[in-house]
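For reference, the structure is listed below as structure tokens.
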Amino acid sequence: MAGRYKSDLKWSDVTPKGDYMNRRQLMAGAGALALGSIAGPAMASLGAKKTSYGRGLELNSFEDITSYNNFYEFGTGKDDPARNARGLTTDPWSIQVDGLVDRPGNYDLGDLTKGITLEERIYRFRCVEAWSMVVPWVGFELADLLARVGVQPSAKYVAFETLVRPEEMVGQRRPTLDWPYREGLTISEAMHPLTIMATGLYDEPMPNQNGAPIRLVVPWKYGFKSIKSIVRITLADKRPPISWQMANGREYGFFSNVNPTVDHPRWSQATERRIGGGLFAKRVPTLMFNGYEKEVAGLYAGMDLTVNF
Ligand SMILES: Nc1nc2c(c(=O)[nH]1)N[C@H]1C(S)=C(S)[C@@H](COP(=O)(O)O)O[C@H]1N2
Ligand SMILES: [Mo]
């Protein structure tokens, strides 16, 4: 699997059969090549924009990205999600959109994302535990989805929730966290063009252990902000509770921007261990905002980042 691209993105995996057919026709009509009809890079066949982010970064292998995971719904070991998430049902999938939106509803994922152009985004990914990877995500900007449902001017935050289904999510049979897993962003963070909803990686549909069928990716924040397998999106005027802050507010803050100068109470955040580098690989320096300072520092202008951690 490592480092290769398959010839189709299998939108059908996140799209009901009917929609999938419409999409194919739509795309063919628009002059794009039909899905799966040619060999070669799938991005070209989908007509998706190639990324302008992350060129030159060295990608982690598909194996690295799909075998070393945090997804506590499937257990707390790094290899638990790959093993335990196999049986997760991701089709059908719906997302409840509620709160301060013009068009609330319980949307089928295919309907909610119909016609949205997928894009490749190669991002650094830095876990609060001080390991990191580089992942070629496939997805679209969260701002596009929010535009579809119509964000009301009074909305200041976006809250997200993960599926609760203990029958399929063995980790949820224990109160490791207060399920559902919850996350949140300010509206300006949510609207930022770097913030994406990812439906795949390495040009394949999102592997279950990485948060199928759809997860958030916020590359300048610690990995736990990038909530997986989302079933609810709520627009709110108040800051929503988030899982890791609920579990330990002294160690995990709402913002959780990657910041090498603000250490975790129990370890340094100045450096990181690159996954796949081998046991004796040298740690590498952690970059401010995970290397996206130029793009996102403005969101936090005037804020004391040691207080708003
Ligand atoms: N629902 C849910 N989302 C989650 C987690 C989780 O346990 N449950 N773990 C978070 C953490 S701590 C990290 S580092 C990333 C890991 O994403 P990856 O397995 O795709 O690398 O997912 C985040 N999203
Ligand atoms: Mo993490």
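Remember, it's 1-based here, ligands and their atoms both numbered in the order they're listed. Worth knowing before you read on, the calculation uses all heavy atoms, side chains too, and leaves out hydrogens, waters and symmetry mates.
- Not one N or O on the side chain of Q245 forms a donor-acceptor pair closer than 3.5 Å with the backbone of R250.
- Residue pairs meeting the salt bridge (Lys or Arg N to Asp or Glu O under 4.0 Å) criterion with at least one partner in residues 280-298, sequence neighbours excluded, do not occur; the list is empty.
- Residue contacts with ligand 1, taken as heavy atom pairs separated by less than 4.0 Å, involve F125 solely via side-chain atoms from C-beta onward.
- In the candidate list W244, W131, F224, F224 is nearest to atom 10 (C) of ligand 1, counting heavy atoms.
- Residue-ligand proximity, S226 to ligand 1, at heavy-atom distances under 4.0 Å covers atoms 22 (O), 23 (C), 24 (N).
- The aromatic ring centroids of Y252 and W244 lie less than 6.0 Å from each other.
- The C127 neighbourhood of ligand 1 comprises atoms 14 (S), with distances under 4.0 Å to a heavy atom of that residue.
- The distance criterion of under 3.5 Å between nitrogen or oxygen atoms is not met by Y68 with respect to ligand 1.
- When non-hydrogen atoms are compared, ligand 1 lies under 4.0 Å from the side chain of R215 (C-beta onward) but not from its backbone.
- Of all the listed residues (W137, Y72, F160), Y72 holds the heavy atom that lies closest to atom 7 (O) of ligand 1.
- W131 pairs by the ring pair (Phe, Tyr, Trp, His ring centres under 6.0 Å) definition with Y68, not counting sequence neighbours.
- Interface of N70 with ligand 1, defined as ligand atoms under 4.0 Å from a residue heavy atom, comprises 5 (C), 9 (N), 11 (C), 12 (S), 13 (C), 14 (S), 16 (C), 19 (O), 22 (O).
- Y300 places no side-chain N or O within 3.5 Å of a backbone atom of F255 that could act as its donor or acceptor partner.
- Neither the backbone nor the side chain of K225 comes within 4.0 Å of ligand 1, counting heavy atoms alone.
- Electrostatic pairing of R182 and E161 does not count as a salt bridge here, judged by no charged N lying under 4.0 Å from a carboxylate O.
- For atom 6 (C) of ligand 1, the closest heavy atom belonging to the protein is Y181 CE1, 3.3 Å.
- Under the 3.5 Å distance criterion, the side-chain polar atoms of D108 are matched with a main-chain donor or acceptor of G110.
- The closest donor-acceptor contact from the side chain of N69 to the backbone of F71 lies at 3.5 Å or more, if one exists at all.
- For atom 8 (N) of ligand 1, the closest heavy atom belonging to the protein is E73 OE1, 2.8 Å.
- A distance-only check finds no donor-acceptor pair linking the side chain of N60 to the backbone of I65 [under 3.5 Å].
- If you check which protein heavy atom lies closest to atom 18 (P) of ligand 1, you get K228 NZ, 3.4 Å.
- Of all atoms in ligand 1, listed by their number and element, those nearer than 4.0 Å to a heavy atom of T162 are 1 (N).
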